[in-house]
> 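After the structure tokens below, expect a handful of questions from me.
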Amino acid sequence: MRYFAIRRAAEYDANSKLPDEKRSTMPPDEKVLVEERTKSAEKRKRRAAVWEVTAFGLFVTVIMLTAYGERSPLAYYMTQNVKEQIVKGDFSYVKDIESFWSWVQHDLIPTTRSAEWYNGQTKVAGTVLQDMLTHPIEAVQLRQIRLKQGKLCETPQRMQDITPLCTVGISILTEDIDDYTRGWNGRNETTNITGTVTCPPTSPPAVSTVSTPVTGANCTSNLITTEEMETPWKYKFSSLIDSFPYFGQHGSYHTGGYVTPLGKTRASSQRLSTFLQQHRWLDERTRAVFVEMILYNPHANLFSMVTLVVEFTNLGAVYKGSEVVTLRLIQQDAILLFVLRAVMAAFILVFTVKEARKLFSRPMEYLTEFWSWVELLVITVGIATLGVYFTAQGFIDEAAEQRKFSSFVFDLYKSAVNWFQVYTYLLALLICCGTLKFIRLLRFNSHVSALSVTLKKSFKPILQFTLMTSIILVAFTQMGNLVFGIKLQDYKSMPSSLQSLCTMMLGSFDFDALVDGHWVFGPLMFFSYQVLMQFILLSMFMAILMDVYAEECQDPGTDDLQMVALIRETTSKAAGKANRTLSTIGKSNNKTTAQAGTPDLDNRRKFSKVLKELDEAALT
């Protein structure tokens, strides 16, 4: 027994001197297991965070390439070119119905149906603007919004000795949607209309004057088709899907109305505009008339939708507005953009599945997190963006098919431009939300983490501060509207007064206009508002944020910031291990080379060692 005990002790002694990989292993301690599990969980967390940042970075890159691949730097210059040729100039002199018709005949039609080059040579097809590069698609369209017939209001009894008639503004209840015959006569009424259409003179006068028309031999009503004579008095309803209202200064107008396209040539356009003027297509019941056209520049591959509106109010004043939207509807790199949208759809699908799993696994906790709603917003806007894009592309493809049969495609292109504009807005919102999400993904940075926690902890005090600020702002808004509402345009209503005060807080204001509004209340309101907002409330707002930020800086030890240290430690260990591996490989190669060069030397050393052991044994 003593022999076996001595042998086991000797074996344990020898075993303890062996390298780690040859030493017999024992079950690790529980503390070691907990530490290893924690490190493994942190590694998985770091790996998931790295993959999340990488995947979402690729997603933002894809939507940015999609958005900016469809844009053209020439769109701005084409918009300015269209404004210079159509919007600016004589359109600003329109002040009544007569001057509007004069502008149409002497400025709009010659501009959109130009046929003369800079050197005086003429072009056969006069369907191009004066720059000889931009072409109108189909004819220019006129659209009228008017009041229904009948007595819509009554003059107060004490004022009836001045005038018994009155008129109202446009609304859904007062808009006319009935069909009429020429001259706004009822469908059952008979009219006597002469067959002669008086033409304007060939040399156009100034817009502010109305010329005395002369009768031309080529300007008779029999040159105008029956459809052109009957269409202007028939109401055209707008589609609920393709209806995009226009918000003017004195009302909101949908896309329906009494529509008539002008001719495709200069002569036919002049005849039709003269016909409409002589039959009083615009009268005292007209509340708005739209001039709409779609322009295309094949050299820049850009479309421009031009909308000019003239509002005839019940005050007797005329207000004008314009809008030019330039887009690229037909893409040249269609295959690349299609691939990018397919990748974008794949990302959105993956995000949807991921968020759905989180939602169903812990619904209440998921819905109470702010960044969960950001994720849902990104997914919702992404799906809506793709849906609106395919809707717009469907209108573009349908318009291209109908153009082969020479059909009227103005409404299709108009719907395509409107939907493509909505698609642009959604894409911009998607890029904005996606970029803001990087604040969440980059929470491992100390400054980004401090910003996120500061906004989270200061939400409640800022909400209380906002309530107090809103009460003060509403008080000044009411004061501005009541004191300056009848004198200054910026304070004509409560929304405009609120907007003016908000811009005043940012430093944009007209002090002289306030003094002109009232020489006492104007300066008093300005200085009291600026002192209260700039020096008191703004300082309180900054104090709330700085107080929360100071508390957060004192306790930066969050799990997200510790992850940075763990990532740094893992990276350094991996770099050290790689360095040791490379050095070991180098030493092994050198040793192998040395051993391969002297094979007999090792044999001689072994032989001399054996002889030495034999000599020692003989001596003992």
Side-chain angles (χ1 to χ4, degrees), residues 82-116 122-123 125-131 134 136 138-144 182-184 193-225 228-229 231-233 258-284 286 288-293 295 306-312 318 320 322 410:
V82 172
K83 288 183 177 180
E84 289 288 339
Q85 296 186 77
I86 298 178
V87 180
K88 295 182 180 180
D90 295 337
F91 181 68
S92 60
Y93 294 101
V94 175
K95 62 181 184 299
D96 52 21
I97 294 177
E98 295 297 328
S99 59
F100 172 79
W101 286 120
S102 181
W103 169 75
V104 169
Q105 296 171 357
H106 302 145
D107 188 80
L108 177 64
I109 295 176
T111 299
T112 56
R113 293 292 180 263
S114 179
E116 184 176 342
T122 59
K123 183 179 177 65
T127 57
V128 65
L129 267 62
Q130 293 179 348
D131 58 4
T134 307
E138 298 298 330
V140 178
Q141 177 175 279
L142 301 182
R143 179 166 59 91
Q144 178 186 175
R182 282 177 286 178
W184 300 111
I193 302 176
T194 60
T196 303
V197 178
T198 307
C199 294
T202 57
S203 58
V207 176
S208 57
T209 61
V210 181
S211 59
T212 303
V214 295
T215 304
N218 296 326
C219 207
T220 56
S221 63
N222 55 7
L223 297 178
I224 301 175
T225 63
E228 291 176 337
M229 288 188 293
T231 300
W233 285 271
Y258 297 91
V259 180
T260 175
L262 296 179
K264 295 184 178 181
T265 62
R266 178 184 291 192
S268 60
S269 299
Q270 293 282 3
R271 286 194 296 268
L272 184 57
S273 63
T274 304
F275 171 79
L276 296 175
Q277 182 182 7
Q278 291 182 353
H279 291 86
R280 293 180 56 81
W281 189 65
L282 301 180
D283 56 11
E284 66 278 357
T286 301
V289 56
F290 290 82
V291 180
E292 300 169 322
M293 66 190 81
L295 305 177
V306 183
T307 303
L308 307 178
V309 57
V310 180
E311 297 179 86
F312 300 93
V318 174
K320 300 171 289 295
S322 62
F410 182 89

> Without swapping roles, check the side chain of Ser99 against the backbone of Lys95 for a donor-acceptor pair under 3.5 Å.
yes

> Going from OG on Ser269 to CD1 on Ile109, what distance comes out if it is rounded to the nearest 0.5 angstrom?
5.0 Å

> Taking the six-membered ring for Trp, is the centroid-to-centroid distance between Trp103 and Phe91 below 6.0 Å?
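Aromatic pair counts; centres sit under 6.0 Å.
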
> Specify the closest pair of heavy atoms between Pro261 and Ala139, including all atoms of both residues, with the distance to one decimal.
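Scanning both residues completely, I find the closest heavy atoms to be CB-CB, 4.3 Å.
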
> Hey, does the side chain of Trp184 reach the backbone of Arg280 with a donor-acceptor pair shorter than 3.5 angstrom?
yes

> Using a 4.5 Å cut-off on heavy atoms from C-beta on, say whether the side chain of Phe290 contacts that of Leu142.
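No, too far: nothing below the 4.5 Å cut-off.
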
> Check the pair Leu108 / Asp90 against side-chain contact (heavy atoms from CB on, under 4.5 Å), numbers first and verdict last.
CA-CA 9 Å; Leu108 177 64; Asp90 295 337; over 6 Å; no

> Any heavy-atom pair between the side chains of Ser273 and Trp101 that's under 4.5 Å?
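Yes. Closest side-chain heavy atoms under 4.5 Å.
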
> Taking all non-hydrogen atoms of both residues into account, name the closest pair between Met293 and Phe410 and its distance.
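Minimum heavy-atom separation between Met293 and Phe410: CA-CE1, 3.6 Å.
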
> For the backbone of Leu282 and the side chain of Thr286, can you confirm whether one donor and one acceptor N or O come within less than 3.5 Å of each other?
no

> Is there side-chain contact between Thr231 and Val259, with heavy atoms separated by less than 4.5 Å?
no

> Start with the C-alpha distance between Val87 and Val82, add both sets of side-chain angles, then the distance that settles side-chain contact (heavy atoms from CB on, under 4.5 Å), and finish with yes or no.
CA-CA 7 Å; Val87 180; Val82 172; 5.6 Å; no

> Pick out which of Leu129, Asp107, Val140 makes a side-chain contact (heavy atoms from CB on, under 4.5 Å) with Ile86.
Leu129

> Scan side-chain atoms only and decide if Gln85 and Thr111 contain a donor-acceptor pair under the 3.5 Å cut-off.
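The criterion, which ignores hydrogens and geometry beyond distance, is not satisfied for Thr111 and Gln85.
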
> Just so I know, are the side chains of Val291 and Val310 near enough to count as touching, which here means a heavy-atom distance under 4.5 Å?
no

> Below 4.5 Å, heavy atoms only, C-beta onward: do Phe275 and Trp281 meet side chain to side chain?
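No, side chains not in contact.
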
> Does some side-chain heavy atom of Leu262 sit less than 4.5 Å from a side-chain heavy atom of Gln141?
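No. Closest side-chain heavy atoms not under 4.5 Å.
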
> Between Val289 and Val309, does the side-chain contact (heavy atoms from CB on, under 4.5 Å) criterion hold? Intermediate values first, please.
CA-CA 6 Å; Val289 56; Val309 57; over 6 Å; no

> Does Arg113 reach the side chain of Pro136, with side-chain heavy atoms less than 4.5 Å apart?
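Answer yes - side chains close enough.
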
> With side chains defined as the heavy atoms from C-beta onward, is the minimum distance between Lys320 and Val94 less than 4.5 Å?
yes

> Val306 vs Glu292, test: side-chain contact (heavy atoms from CB on, under 4.5 Å). Steps then yes/no.
CA-CA 6 Å; Val306 183; Glu292 300 169 322; over 6 Å; no

> Can you tell me how far CG of Asp283 sits from CD1 of Ile97, rounded to the nearest 0.5 angstrom?
6.5 Å

